[in-house]
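Below is one structure. I have some questions about it.
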Number of protein chains: 2
Amino acid sequence: MIEATLPQASLLKKIIEAVKELVDEANFDFSETGIRLQAMDKSHVALSFLHLREEGFSEYRCDRAQTLGIGLGSLSKILKCAANDDQVQIKASDSAETLELAFESAGKDRVSEFKLKLMDIDTDSVDVPDMDYQATVSMSSQEFARIVRDLLSIGDTVSIDATKQGVRFSASGDDGKGSILLKHQKTVDDEKNTPANTTVQINEPVSHSLALKYLSNFAKAAPLADRVTINLIEDAPVMFEFKISDIGHIRFYLAPQIDEDMDV
Amino acid sequence: MIEATLPQASLLKKIIEAVKELVDEANFDFSETGIRLQAMDKSHVALSFLHLREEGFSEYRCDRAQTLGIGLGSLSKILKCAANDDQVQIKASDSAETLELAFESAGKDRVSEFKLKLMDIDTDSVDVPDMDYQATVSMSSQEFARIVRDLLSIGDTVSIDATKQGVRFSASGDDGKGSILLKHQKTVDDEKNTPANTTVQINEPVSHSLALKYLSNFAKAAPLADRVTINLIEDAPVMFEFKISDIGHIRFYLAPQIDEDMDV
DNA sequence: GGGGAGCGTG
DNA sequence: CACGCTCCCC
């Protein structure tokens, strides 16, 4: 038996919006402690992780661990039927074949109920070990989204270079090249004027080439978090983390592209 | 070697927005005294002039005169990557094959660099003699833009009639006719309440028919100047001038349409 | 607070 | 391809 309630449907809507472009269907693992999702994208290049802790729900109950296979397209359609400030409750009985969603309007005067057929999903579970990253960038998620959008008009691939000085995003295409450097700033908390600081923690400088179309998908998580953390390590996927306040986080891993220069 | 800096990218953005619809690619002539551009539109009906004086830049250096052929679509894409209050510096070395643009955010914490491939552009240089205009209208550029937009919903062609009393813009189409008269006002400077005065200096009344779609393009320059000056003379192109404060101006010339009544 | 531009959806 | 929504700029 699963029952979980969120006071604002908008949160769940944004979460599903952020992953549904990458993943068609995914297993949601419900346990006492909360909900987890792990899914490769269709082309097996990007990995999405979602964790929502039980404390983040206004009501949470999960008698025994249960995995629900959900088509994200269908779920997204149903969530479009919820107003942003509806309360949303999801329910499933043990070995249920459907997920039940109930939306209640803020004024309690409208109650909507939807049932979503569950599916069996073969999951290629990938273990992602915790790594010691060589570089960690923290920046405004909105600025991240803006940079990705800007560079998409220049080329298909972005190079992310993290150094002690800051992080550089660069791309090139037929019309020319573009590069944006965000300087590392010591965070100044006493000055409330500091809006969108960027910080770079470096053990060793790292550089990676990534397909912008995936980053463009990741950037859809920007509405969920003020900041994004980019974790880089040589010869391993880059991790993008958006912390969802009070409830969890969403993480994307993207394998770097083989550098063309090394391709020869 | 060329180096020129503007404190506000928004100025350059607006300038390029104002000409890019008319001109796909254009030669920018850099000299010690500033930057000039002269370009016919695709259909060779409208002529665009741009002059930016060196004093208007926060930094200007041009060792020797140089002509840079620039694709305005590509340049516009790059300028979209600048925030409005970024500082923008453009650079080109002698006989360079690329134009370099550097944007620096107001907080200095973001520096973006773009390279734009230059191109060879055949230019049909037209000499436009200084003329004694029969009528000169000065009016609010915003009101000009509004009138053009309004009349576009009536017809394709506007007739501009300047008399001592004022200036009349009129159009007609299938649904009917429209006409807007702006009365000549003696400029009253002591009354600060006077918002958008129109003045008409007349030597001789003039009337011209012009294609509204071009005027609609010219009106894109309205954000650059509070006022527009319209200069009319019989049997010659109409000149629209937008003065860009402290730095120069942008002018459009448009050949009048042969009056249908005289076409018979 | 209103208008315009870019993006996603039907 | 057009409409509506959202973010950004004025």
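Residue numbers start from 1 in every chain, and the chains themselves are labelled A, B, ... in the order their sequence lines are given, proteins ahead of strands.
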**Atom-pair distance (NZ on B:Lys13; P on D:dC10), nearest Å** =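 Taking NZ of B:Lys13 and P of D:dC10, I get 9 Å after rounding.
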**Request:** For the side chain of A:Gln142, starting at C-beta, report the closest nucleotide among D:dC9, D:dC8, C:dT9.
**Result:**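 The answer is D:dC8, which lies nearest to the side chain.
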**Request:** Using side chain to side chain contact (heavy atoms under 4.5 Å, CB included) as the criterion, point out the one residue from B:Val148, B:Ile147, B:Thr157 that pairs with B:Leu212.
**Result:**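 Of the listed options, the one satisfying the test is B:Val148.
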**Message:** For B:Arg227, is there an ion pair with B:Glu143 - N to carboxylate O distance below 4.0 angstrom?
**Reply:**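 B:Arg227 and B:Glu143: not salt-bridged.
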**Request:** Write down the distance between CD (B:Glu17) and C1' (D:dC10), rounded to a whole number of angstrom.
**Result:**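 Interatomic distance, CD of B:Glu17 to C1' of D:dC10: 15 Å.
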**Message:** Output the rounded distance in Å from CG (A:Asp150) to P (D:dC8).
**Reply:**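 The distance from CG of A:Asp150 to P of D:dC8 comes to 12 Å, rounded to the nearest Å.
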**Message:** Only Watson-Crick and G-U wobble pairs, only distances under 3.5 Å, only runs of 3 or more: what stems does that leave for DNA chain D?
**Reply:**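 Looking at DNA chain D, the stems formed by three or more consecutive pairs are C:1-10 with D:1-10.
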**Request:** Assess the pair B:Phe240 and B:Phe144: is the distance between their ring centroids shorter than 6.0 Å?
**Result:**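 Yes; B:Phe144 has its ring centre under 6.0 Å from that of B:Phe240.
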**Prompt:** Hey, are B:Glu17 and B:Lys13 close enough for a salt bridge, meaning a charged N less than 4.0 Å from a carboxylate O?
**Reply:**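 A salt bridge is absent here (no side-chain N lies under 4.0 Å from a carboxylate O).
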**Request:** Flag the pair B:Lys42 and B:Asp24 as a salt bridge only when some basic side-chain nitrogen lies within less than 4.0 angstrom of an acidic carboxylate oxygen.
**Result:**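 The answer is yes: the pair qualifies as a salt bridge.
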**Message:** Let's see if you can work this out: which of C:dT9, D:dC10, C:dG6 has an atom nearest to the side-chain heavy atoms of A:Arg149?
**Reply:**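 Minimum distance to the A:Arg149 side chain belongs to C:dG6.
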**Rounded distance in Å - CG (B:Asp86) to C1' (D:dC9)** =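 So the CG-C1' distance, B:Asp86 to D:dC9, works out to 14 Å.
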**Message:** Can you see if the side chain of A:Lys220 gets near the phosphate of C:dG8 - specifically, an N or O under 4.0 Å from OP1 or OP2?
**Reply:**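 A:Lys220 to C:dG8 OP1/OP2: side-chain N or O found under 4.0 Å.
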**Asked** The side chain of B:Lys80 lies closest to which of these nucleotides: D:dC8, C:dT9, C:dG6?
**Response**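 Between D:dC8, C:dT9, C:dG6, the one nearest the side chain of B:Lys80 would be C:dG6.
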**Asked** Which whole-number value in Å describes the distance from A:Asn84 CG to D:dC5 C1'?
**Response**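 Taking atom C1' of D:dC5 as the reference, CG of A:Asn84 is at 11 Å.
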**Request:** Would you please confirm or rule out a distance under 4.0 Å between OP1 or OP2 of D:dC9 and any side-chain N or O of B:Lys14?
**Result:**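 No.
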**Polar contact flag, side-chain donor to acceptor under 3.5 angstrom, B:Gln89-B:Glu59** =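 Note: B:Gln89 and B:Glu59 side chains meet the donor-acceptor criterion.
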